[in-house]
Peer 1: 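First the structure, then my questions, so here it is.
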Amino acid sequence: MPPLLQIEHLSVRFDTDDGVVAAVDDVSFALNRGEILGIVGESGCGKSATALAIPRLLPMPPARLSPASSIRLDGLELTSLPVPALRALRGARIGMIFQDPMTALSPLRRVCDQISEALRLHRRLSAAEARHLALDWLVRVGIEDPERCARAYPYELSGGMQQRVMIAIALCHDPDLLIADEPTTALDVTTQAQVLNLMQALCRKTTALLLITHDMGVVWRMCTQVAVMYAGEIVEQAPAPAFFARPLHPYAIALLEAIPSAATRGRPLRAIPGQVPSALAWPGGCRFAERCLCAHPDCLTQHPTLAAARSDAARLVRCPYADENTP
Amino acid sequence: MKTLLDIRDLRTWYPLRSGLFGRVRGHVCAVDGVSLQVRAGETLGIVGESGCGKTTLARTILLLAKPHSGEILLDGRDITAFDAAERVAYRRAVQVVFQDPFASLNPRHTILDAITEALLAHGLISRRERRETAVGLLADVGLGPEALDRYPHAFSGGQRQRICIARALALKPRLLICDEAVSALDLSVRAQILNLLESLRTKHNLSYLFITHDIGVVRHLADRIAVMYKGRIIETGPTESILGAPQDPYTRALLEAVPVVGGAHNAALSINRVLPEKAATSAT
């Protein structure tokens with residue numbers, strides 16, 4: 001079976017006053033039904049731009065996709081799809097959950113109306129039917145008093161409740177693909193645990209979930225696949241168990257070691273020296289070379305490709321010395 | 001170890017006003033009977049979720065919020081009994097680093113101004129000495145002298161947090177309050193700042209009051225931990241015992257909820273059992 005989502009050579013450029021920002025550079029990955037892919041990376045690595053590019057939610061201009069970019073959902077090319085056809089997909093086959101539910105929900109409309117609107121956009125329903133279904137969804141996302149919540153405005157709800165409403169809107173058409181961009185970053189850990197459980201429980205076995213996060217713990221808990229991004233590129237992609245057992249790319253290794261924990265008590269953390277290079281002018285060689293502890297002289301001049309690791313062909317890594325790197 | 005800061009039954013209440021004349025209709029008990037000690041040279045971690053009162057506690061210790069009742073003792077002396085001069089000295093002894101390094105530096109002040117403003121205000125240096133002093137302070141946090149004449153916008157989040165730390169250390173404080181000081185930073189930069197704070201602690205013989213919602217951070221650096229919930233401290237003790245064998249059901253639920261690499265794959269939901277008001281909104 002072909003993958004549900006196939007992204008090839010996706011490059012996102014932003015034309016700014018300071019020059020062209022290469023936010024996403026030649027990103028390719030495939031996502032099958034039932035899989036949960038976690039895209040991890042630090043701020044500015046291009047993970048959100050990748051997520052927003054899929055349903056073409058990036059403002060164009062200033063953003064533009066390079067001509068080679070291809071995003072196919074079930075074989076349908078999204079990059080060249082006319083806008084009306086695209087609108088029919090957004091919300092119906094592609095659901096989205098954003099980081100900050102307070103800004104994603106309309107402050108001026110009641111919760112019930114916002115879910116009903118999402119429902120009626122893609123299905124012929126009377127107002128009463130939509131309202132009934134909306135209440136149903138509030139129950140499914142675990143809201144105790146759905147009648148009261150339905151009448152409420154977003155500001156009257158806690159962050160966790162707002163995010164549950166977002167999940168209801170994103171899932172009400174049973175999408176094939178759910179894109180969640182830092183869905184729990186603004187929430188407390190106990191609320192985060194509940195929201196993550198909810199996403200896991202409500203996704204069908206055949207839904208593909210793309211989870212954008214900076215939290216390795218969330219990836220560990222949720223994902224079947226991992227893609228680590230750095231400076232606009234995927235530097236490592238692997239099935240989650242293999243990745244956490246032995247990360248291969250020096251950046252991924254360093255990122256996992258920089259997490260403070262009980263094991264790091266009493267000794268300095270292995271911080272990554274320096275900072276991410278500017279997206280206006282990525283370095284010519286390996287983009288991580290300047291901060292890499294195992295850099296070779298040719299790393300500074302040769303831009304490495306994302307290639308299968310020698311030790312495991314199912315894994316992709318952007319470092320020719322990956323199999324020699326020891327954590 | 002000597003007790004540096006001793007807080008006894010501290011309460012900070014915010015009035016709830018309503019109506020035309022803003023009559024006080026009640027109070028939000030943000031800090032509601034907190035007692036804790038910070039010993040000289042130790043790091044005390046305060047963990048809790050948003051709204052539990054941890055920031056209000058910090059603000060009260062910093063004299064930025066007025067306590068409703070209770071005592072704050074520095075070296076065994078109650079600061080509410082201090083005269084004006086002693087208050088100034090207290091403010092010098094207790095400094096703070098805030099969460100957001102973008103909001104806590106004035107965009108129109110150069111780094112030199114930001115770092116030396118307090119020193120000048122306290123009359124500790126003359127105008128002529130300020131550059132030299134500032135260079136030393138910046139070197140302490142790993143920044144070069146070329147930073148002095150730049151404005152905050154020229155720096156990354158991690159660099160700004162270094163500047164905020166230099167500014168806090170300028171007055172040679174004995175207690176540094178870090179209110180979510182690394183929460184806004186990316187993982188790799190966070191590690192740099194945590195290492196810096198740890199090295200500065202030994203170098204300057206500092207005590208830290210480390211306020212955070214990140215259990216990993218306190219696990220890494222705190223000597224003792226206090227868990228806050230709804231304005232009260234529900235559990236306090238050495239880091240290993242609190243995180244290794246938590247006694248309170250809330251602490252246990254909090255720890256289970258944190259996703260850790262190598263931990264459980266399914267989020268434990270014992271939070272539903274211990275927090276009825278959270279359970280009311282929980283997954284079915």
Side-chain angles (χ1 to χ4, degrees), chain A residues 41-45 139-145 149 157-161 164 184 187-198 200-202 214-222 244 251 254-276 291, chain B residues 47-52 156-159 182 184-196 198-199 213-222 239-240 243-244 250 253-272 274-275 278-284:
Chain A
E42 300 180 281
S43 34
C45 73
V139 175
R140 288 177 72 178
V141 294
I143 285 171
E144 189 90 323
D145 191 350
C149 175
L157 305 177
S158 67
M161 297 261 274
R164 284 166 201 271
T184 56
L187 306 178
D188 275 324
V189 281
T190 52
T191 317
Q192 163 172 287
Q194 292 166 346
V195 167
L196 291 180
N197 278 3
L198 192 60
Q200 236 164 2
L202 289 184
H214 66 274
D215 187 335
M216 283 287 187
V218 170
V219 177
W220 166 271
R221 186 171 276 181
M222 296 284 288
F244 285 109
Y251 175 66
L255 209 52
L256 282 166
E257 290 203 342
I259 302 173
S261 70
T264 60
R265 250 186 106 75
R267 59 186 174 86
L269 289 166
R270 248 190 68 182
I272 305 175
Q275 31 181 322
V276 184
R291 308 173 75 191
Chain B
V47 290
E49 300 187 279
S50 45
C52 74
S156 68
Q159 288 171 324
V182 296
L185 304 176
D186 267 323
L187 204 52
S188 66
V189 182
R190 180 187 307 181
Q192 293 174 9
I193 300 294
L194 287 174
N195 287 345
L196 173 68
E198 197 53 29
S199 70
H213 65 272
D214 188 333
I215 309 280
V217 169
V218 289
R219 220 187 259 278
H220 171 69
L221 57 66
T239 304
E240 296 83 13
L243 298 183
Y250 173 74
L254 188 67
L255 291 176
E256 278 172 20
V258 181
V260 188
V261 174
H265 283 289
N266 294 313
L269 278 181
S270 58
I271 195 77
N272 295 353
V274 286
L275 298 180
K278 287 228 175 202
T281 63
S282 74
T284 40

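These figures come from a predicted structure and were not determined experimentally. Naming convention: chains lettered A, B, ... in sequence-line order (proteins, then strands); numbering from 1 in each chain.
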Peer 1: Could you tell me the separation between the OG atom of A:Ser261 and the CD1 atom of B:Ile215, rounded to the nearest 0.5 Å?
Peer 2: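 Here the interatomic distance stands at 13.0 Å.
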Peer 1: Please classify the contact of B:Gln192 with chain A as side chain, backbone, both or neither, using a heavy-atom distance under 4.5 Å.
Peer 2: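 For B:Gln192, backbone and side chain are both near chain A.
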Peer 1: Say you draw a straight line from CG of A:Asp215 to CG of B:Leu187; how long is it, rounded to the nearest 0.5 Å?
Peer 2: 8.5 Å
Peer 1: Compare every heavy atom of A:Pro260 with every heavy atom of B:Val217, then report the nearest pair and how far apart it is.
Peer 2: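 Where B:Val217 meets A:Pro260 most closely, the heavy atoms are CG2-CG, 3.9 Å.
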Peer 1: Between A:Glu42 and chain B, with a heavy-atom cut-off of 4.5 Å, which part of the residue counts as in contact: side chain, backbone, both or neither?
Peer 2: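 Looking at A:Glu42, backbone and side chain both touch chain B.
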Peer 1: Closest approach of A:Asp188 and B:Ser50, non-hydrogen atoms and distance?
Peer 2: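 Nearest heavy atoms, A:Asp188 then B:Ser50: OD2-OG, 2.7 Å.
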Peer 1: Counting only non-hydrogen atoms closer than 4.5 Å, does B:Leu194 touch chain A with its backbone (N, CA, C, O), its side chain (CB onward), both, or neither?
Peer 2: side chain
Peer 1: With side-chain contact (heavy atoms from CB on, under 4.5 Å) as the test, would you mind laying out the steps for A:Trp220 and B:Val260 before giving the verdict?
Peer 2: CA-CA 7 Å; A:Trp220 166 271; B:Val260 188; over 6 Å; no
Peer 1: Would you say the side-chain atoms of A:Arg265 pair up with the backbone N or O of B:Arg219, donor to acceptor, closer than 3.5 Å?
Peer 2: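 Yes; at least one donor-acceptor contact below 3.5 Å.
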Peer 1: Which pair of heavy atoms, one from A:Thr190 and one from B:Ala257, lies closest together, and at what distance?
Peer 2: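 Heavy atoms only, the tightest pair is CA-CB, 3.8 Å.
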Peer 1: For the residue pair A:Gln192 and B:Pro259, establish whether any side-chain heavy-atom pair is separated by less than 4.5 Å.
Peer 2: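 The answer is yes; the side chains approach within 4.5 Å.
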Peer 1: Any idea which of B:Thr239, B:Val189, B:Val218 has the most non-hydrogen atom pairs under 4.5 angstrom with chain A?
Peer 2: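 It is B:Thr239.
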Peer 1: To the nearest 0.5 Å, what is the distance between CG on B:Asp186 and CG on A:Leu255?
Peer 2: 8.5 Å
Peer 1: Report which part of A:Arg267 has an atom under 4.5 Å of a heavy atom belonging to chain B: side chain, backbone, both, or neither.
Peer 2: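 For A:Arg267, the contact with chain B is made by the backbone alone.
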Peer 1: Most heavy-atom pairs under 4.5 angstrom with chain A, which of B:Ser199, B:Ser156, B:Gly262, B:Gly158?
Peer 2: B:Gly262
Peer 1: Is A:Arg291 close to B:Ser188 at the side-chain level, that is, under 4.5 Å between some pair of heavy atoms?
Peer 2: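 Answer yes - side chains close enough.
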Peer 1: So, the side chain of B:Asn195 versus the backbone of A:Pro268: is there a donor-acceptor pair under 3.5 Å, distance only?
Peer 2: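 Checking the backbone N and O of A:Pro268 against the side chain of B:Asn195, no donor-acceptor pair under 3.5 Å is found.
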